[in-house]
Chemist: 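Quick one: structure below, then a few questions.
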Amino acid sequence: MKKKVTALLLIIITVFLMYGHVFAREGVCGYEGGISSGEVPDNSTFEYKEVTFISGKPVVFEGTLLIKKSQRQDKLTTTYTYNLRNGENTLTRVLVYTTESEKWENGQITETVSLTSARESVRIDGVTYTIPNINSYQFARSNLIDPRPAVNYHAGSIWSRKVYQVGAANDGNTVTVECTGTFYGYDQYWGNAESLLLDYIISGERNTADGVDIWGGTATIAISSTSTEQLEYFENRPNQISFSGSYVQSRMNSNVLEYTCMLPEFDSRGISTDRIVTYSDSLAIETFPIQRRLPTTDLRNARGHWAENDIKIMFGLEVFKGDGSNFYPDNYMTRAEFAAAMTKVAKEVPQDPTLITRTVQTSRRTTGKEIIVSPFDDVSINNIYFNDIKSVFERGIMFGKGQDRFAPNDYITRAEATVAFIRALGFESLAPAPVAVTSFRDNDLIPEHARNAAYVAHRIGLIQSDSKGNMNPNKRLTKAEGAAMFNSLIKYLQEGIRKDYRDRLINYY
Amino acid sequence: MINGAKADLSDLTSDATVILTIDGNNIVKEIQGVDIGINAEARRIVRGIVEENNPNLGYITLYNEDGSGTGSNPLALRTYNYVDQSKVEVLRNHEPADIDSIQAGDTAYLRLDSDGYIVSVSAVDNYTVRYAKILSKLPAQVIVEYDDGTQQILDVNENIIVIKDKNLVGFQALRDGDRVRLLLNENARSTELKEITIEGDEYYINNIYKGKIARIDRISDKITVMGMQVFKKGRWELVDRKGASTITMADDYSIYLKDTPISINDANRLLYQNDAYIAVERTYGGEERAVVVAYRNSLDTEISSIADTISEFVPGTSSFRTANENRRIGFSDGSIIVKYGRLVTGNSLSYDDKVYMTLNRDYSSGNYYASVVNVEEPQNDTLMIYRGRIRDINQSRDFTVESFSQLQGLDWKYYNTPKTFNITFDTRVLTDEGVLNVREFVGYGEESFINDVVYIVADGIDAVLVTTAPYGTVNMRGTVYAAGDGTISIRRVSVYDSSDYKWKNIADTTVNVLNNTIAIEKGRVIDPSSIKKGADIRIIKRDRSTDGDAYIIIVE
């Protein structure tokens with residue numbers, strides 16, 4: 001009997017509610033010169049702060065921002081709803097963007113964003129500033145996303161022009177705000193960030209008894225929105241307890257904004273003068289941290305070892321598996337073991353939880369079991385590390401050693417580990433051409449294919465030389481050394497890369 | 001054989017593609033040239049990282065194309081010569097350049113002629129960006145500390161580019177304690193500093209506090225301080241908040257017990273409710289974060305807080321003497337030393353620095369040491385206050401007073417001579433109603449200012465502020481205890497009696513702040529509404545009454 005199997009295929013974009021995932025958050029602050037509290041699980045309404053210059057002075061509004069996203073095929077519709085106050089002053093705004101994506105052969109994705117609906121009303125000191133419809137708000141945004149094995153990077157630019165109607169429409173008074181800017185960001189399992197650098201030109205035109213008062217000013221806003229995780233060890237106080245202590249994983253969102261503006265001073269009648277006043281200030285929103293205790297294991301074999309803390313973290317994060325009693329820190333680490341640990345550290349980028357799911361029914365006739373084929377002759381599909389090896393291979397983090405061999409039981413070297421790290425980060429292009437020359441004393445001993453990775457890893461602080469200035473590239477990694485290297489990578493993913501998108505970007509802009 | 005024809009060894013060019021026939025003894029028996037579709041022109045292009053460029057001797061050396069060549073064998077490198085450097089076409093970063101602009105560490109393409117000499121070079125730099133803090137600025141060097149704690153000495157030459165607030169500034173603008181972005185040419189041979197960008201005041205030390213620390217909480221990263229006081233101009237003053245205050249720890253912080261670093265665990269375990277000094281930096285949103293917590297040994301004694309001038313450094317010791325104190329004052333890693341807002345070490349203090357200090361005395365040795373040293377930015381005292389009758393106004397350009405008085409100390413000194421002041425984009429005019437558009441500061445029509453008597457606050461001959469506030473001759477001093485709603489109230493009030501040159505105490509006073517009141521602090525005109533409680537001010541008003549209007553307020 002012919003079995004007709006009609007499978008109802010649900011395409012679900014899964015919202016990860018499990019703690020520990022930090023979500024993709026491009027655009028979480030909007031593009032109106034403000035900051036939000038960012039994403040927490042199951043939440044699309046955020047605390048929000050924004051500075052506006054349309055009244056001729058910076059005015060900070062606070063309130064809520066609601067972001068709703070829905071995706072249909074390659075079009076993403078995002079609605080931003082703002083409800084803000086500053087004492088008696090109010091700001092309400094609804095913007096609807098449509099994003100069209102195009103995926104390229106090299107895996108990169110370009111996005112073009114257009115504004116399909118815009119409404120805004122601001123009331124400051126009794127004066128109303130209105131954007132009645134989309135005709136008063138021109139907007140263009142484009143973005144390039146470069147997905148890498150463990151990190152998605154994006155960079156884009158914005159250009160917008162808003163013409164506010166001041167007071168009644170037939171008064172003829174306007175304030176125009178033109179904004180150009182760039183934004184940069186990354187999304188990955190351990191943290192994400194987006195930074196915006198916005199430059200404004202504000203011009204006002206007002207009819208007065210003495211004629212038309214025309215004024216202009218400039219403003220610069222630097223925004224950094226980051227989400228990060230930290231690990232800290234807490235020792236237990238009682239002696240008679242089954243474990244001596246454990247790590248606590250804390251996650252929080254931290255969003256900061258710095259602005260500087262130069263606006264003309266207004267005289268006692270509200271007419272602009274030639275004198276330029278410079279204002280500058282900063283805003284911040286930090287969410288209350290979410291904490292989680294990590295499991296602990298008996299690591300007596302590593303007690304007192306120089307890498308004991310690194311090893312504890314690896315077991316706590318389940319990067320290293322097992323109960324710890326059979327863990328010997330100075331045993332060498334195999335390529336298969338390294339691959340397994342790598343899948344835990346360099347996880348895939350989580351999906352955006354604010355995307356609304358759309359279910360699509362299809363029917364499919366299944367004719368048999370899917371055949372799984374190992375990409376390597378020396379890695380059977382029954383190998384306990386098969387899924388990990390397949391994952392790092394398919395994601396481009398680790399490759400074989402030629403002739404369809406992975407050599408899972410070979411010991412991993414420091415150079416091989418470094419290459420895997422840099423591939424996971426997607427930083428191969430940071431090395432000079434044609435092949436980098438490192439400053440390690442044993443530069444010539446570094447395999448050619450690993451020299452670029454060694455250069456980049458050294459530059460970003462992932463690896464250091466030993467006391468003699470050597471990298472020791474061909475040295476086999478012990479499990480302790482592996483733990484230290486993985487911890488170094490995690491710290492970089494949590495904190496190191498974040499610095500480049502926050503203080504360094506804002507403070508030197 | 002090359003292209004099917006018999007040839008000689010000398011006919012082979014560098015980078016030729018050949019097939020070698022080798023016998024069992026590794027001896028080449030036959031060489032056959034192979035044309036694999038690369039034209040002869042392309043064959044004479046080589047690329048690599050520059051190991052050395054020597055314009056004097058006319059050669060460029062490249063590392064091997066695979067990145068090797070840093071070993072001690074010079075034959076492992078590729079050296080190419082040029083005969084006449086003026087005839088070599090050079091592009092660096094895609095701009096025409098001289099041959100000596102090619103630097104070690106650059107990625108370079110060299111085009112060679114048929115004899116193997118360089119005819120053209122195209123190179124791009126491979127500079128690295130690193131972030132650091134200036135530990136010490138020397139005449140031709142800087143000592144920097146990177147984020148990972150490593151330190152480096154970098155030479156500075158006259159070509160160094162120094163940037164601050166998007167402006168080119170000189171090397172002299174750099175200060176100890178500055179956070180900087182460095183552009184470096186790091187290569188296997190050396191590290192060369194190309195550019196320094198100075199961070200703004202984002203991480204300056206905002207305040208120094210002291211109090212008893214109840215706890216440093218590792219979960220919330222906050223310090224709980226009891227009885228907190230703030231260090232202002234050499235005095236400890238109570239903060240507004242009573243009882244317990246909390247301060248968040250910065251991402252990078254240090255904790256000391258006198259001069260020894262300690263951990264948070266040890267601090268909580270051993271130093272409950274111990275006195276400590278805390279340096280805080282300003283961060284986003286106006287929040288403060290603790291960067292240094294320096295516990296005081298409970299057996300030591302806090303002697304005093306003083307203002308003085310460094311007169312001598314004692315060689316071979318970490319100590320100095322001051323002009324008015326007859327004792328040697330030590331400092332250590334655990335001393336909080338702030339100079340011009342930046343957290344520095346004692347090595348950044350200089351002879352003649354005017355310091356505000358808190359001194360402690362060591363219980364066991366009896367030696368004095370500074371727990372807190374603060375060197376403030378020298379005040380810009382170029383502003384002068386004048387008063388005169390306007391004779392002439394060139395609208396938006398300048399105006400002239402027919403004679404003027406200049407405030408010198410406590411008195412007005414009269415000059416019977418005209419003086420002209422420039423009107424600039426920074427000139428502000430205040431009348432009884434408030435801000436007046438400078439374009440309306442005219443000498444004609446109903447609103448003419450000719451013959452009006454005005455105050456002028458000027459920087460040289462540039463008018464910064466012109467106000468119509470009334471004439472005041474009485475100097476009054478006090479400490480602000482309330483400010484707001486257009487008034488300022490002061491206590492510990494004294495009035496200057498010019499008849500016997502004495503300051504005489506009077507009762508607490510409340511003055512009105514007018515729309516055209518002048519307010520000056522640290523050599524700058526400020527908004528009177530920014531004057532806060534606790535400020536020491538001098539007021540110039542009409543009379544000695546305990547009320548009235550303030551015409552000029554100077555924050556001391």
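For clarity, every value in this text was computed on a predicted model and none was experimentally measured. All chains are named by letter (A, B, ...) in the order of the sequence lines, taking the proteins before the strands, and each is independently numbered beginning at 1.
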Chemist: For the rings on B:Phe441 and B:Phe449, is their centre-to-centre separation under 6.0 Å?
Modeler: yes
Chemist: Do you know which of A:Asn443, A:Asn507, A:Val256 has the most heavy-atom pairs under 4.5 Å to chain B?
Modeler: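 The residue among A:Asn443, A:Asn507, A:Val256 with the greatest pair count is A:Asn507.
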Chemist: Given that the side chain runs from C-beta out, which part of B:Thr283 has a heavy atom under 4.5 Å from chain A: side chain, backbone, both or neither?
Modeler: backbone
Chemist: Scan for salt bridge (charged side-chain N to carboxylate O under 4.0 Å, His left out) pairs involving residues 269-284 of chain A, sequence neighbours excluded, and state none if there are none.
Modeler: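 Residue pairs with at least one partner in residues 269-284 of chain A: A:Asp210-A:Arg269, A:Glu265-A:Arg275, A:Asp267-A:Arg269, A:Arg269-B:Glu440, A:Asp274-B:Arg439.
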Chemist: Do any N or O atoms from the side chain of B:Arg78 and from the backbone of B:Tyr63 form a donor-acceptor pair under 3.5 angstrom?
Modeler: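 Pair found, side chain donor or acceptor close to backbone of B:Tyr63.
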Chemist: Of the listed residues (B:Asn187, B:Asp148, B:Val180, B:Val129), which shares the most heavy-atom pairs with chain A below a 4.5 Å separation?
Modeler: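 Winner by heavy-atom pair count: B:Val180.
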Chemist: Is it the case that the ring center of A:Phe61 lies less than 6.0 angstrom away from the ring center of A:Tyr48?
Modeler: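 No.
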Chemist: Looking at A:Glu232, A:Glu235, A:Arg504, A:Glu495, which has the largest count of heavy-atom pairs under 4.5 Å with chain B?
Modeler: A:Arg504
Chemist: May I ask you to check if B:Arg130 and B:Tyr146 form a cation-pi contact, with NZ or CZ under 6.0 angstrom from the six-membered ring centre and within 45° of the axis?
Modeler: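 Yes, a cation-pi geometry.
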Chemist: Is it the side chain or the backbone of B:Asn515 that comes within 4.5 Å of chain A heavy atoms, both, or neither?
Modeler: neither
Chemist: Just one of B:Thr427, B:Asp398, B:Ile456 clears the side chain to side chain contact (heavy atoms under 4.5 Å, CB included) bar with B:Phe421, so which one?
Modeler: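 Single side chain to side chain contact (heavy atoms under 4.5 Å, CB included) partner of B:Phe421 among B:Thr427, B:Asp398, B:Ile456: B:Ile456.
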Chemist: Using a heavy-atom distance cut-off of less than 4.5 Å, which residues of residues 452-462 of chain A contact chain B?
Modeler: A:Tyr455, A:Arg459
Chemist: So for A:Lys49, is it side chain, backbone, both, or neither that comes closer than 4.5 Å to the heavy atoms of chain B?
Modeler: neither
Chemist: Using non-hydrogen atoms only, which part of B:Ile219 is less than 4.5 Å away from chain A: side chain, backbone, both, or neither?
Modeler: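 Looking at B:Ile219, backbone and side chain both touch chain A.
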Chemist: Could you tell me which portion of B:Tyr203 (side chain, backbone, both or neither) has an atom closer than 4.5 angstrom to a non-hydrogen atom of chain A?
Modeler: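 Interface part for B:Tyr203: side chain.
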Chemist: Contact part of B:Phe425 toward chain A, heavy-atom cut-off under 4.5 Å: side chain, backbone, both or neither?
Modeler: both
Chemist: Looking at B:Arg289 and A:Glu286, is there a salt bridge between them, counting it only when a charged N and a carboxylate O are closer than 4.0 Å?
Modeler: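 Yes, A:Glu286 and B:Arg289 are salt-bridged.
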Chemist: Check A:Phe440 against A:Gln464 and note the closest heavy-atom contact, atom names and distance.
Modeler: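 Here A:Phe440 and A:Gln464 meet closest at CE2-C, 4.1 Å.
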Chemist: Would you call B:Arg92 and B:Asp106 a salt bridge, taking side-chain N to carboxylate O under 4.0 Å as the test?
Modeler: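 B:Asp106 and B:Arg92: salt-bridged.
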Chemist: Examine A:Phe266 together with A:Trp215 and report whether their ring centres are nearer than 6.0 Å.
Modeler: yes
Chemist: Among B:Arg47, B:Lys166, B:Arg218, B:Glu433, single out the residue with the greatest number of heavy-atom pairs under 4.5 Å to chain A.
Modeler: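 Greatest number of close heavy-atom pairs with chain A: B:Arg218.
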Chemist: Test your reading of the model: is there a side-chain donor-acceptor pair from B:Asp217 to the backbone of B:Asp221, 3.5 Å cut-off?
Modeler: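 Such a contact is absent between B:Asp217 side chain and B:Asp221 backbone.
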Chemist: Identify which of B:Ser396, B:Ser220, B:Gly200, B:Gly48 forms the greatest number of heavy-atom pairs closer than 4.5 Å to chain A.
Modeler: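 Most pairs with chain A among the choices: B:Gly48.
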Chemist: Determine yes or no for a side-chain-to-main-chain donor-acceptor pair under 3.5 angstrom, with A:Asp444 supplying the side chain and B:Thr70 the backbone.
Modeler: yes
Chemist: Checking heavy atoms, do the side chain of B:Arg179, its backbone, both or neither come under 4.5 Å from chain A?
Modeler: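 Both backbone and side chain.
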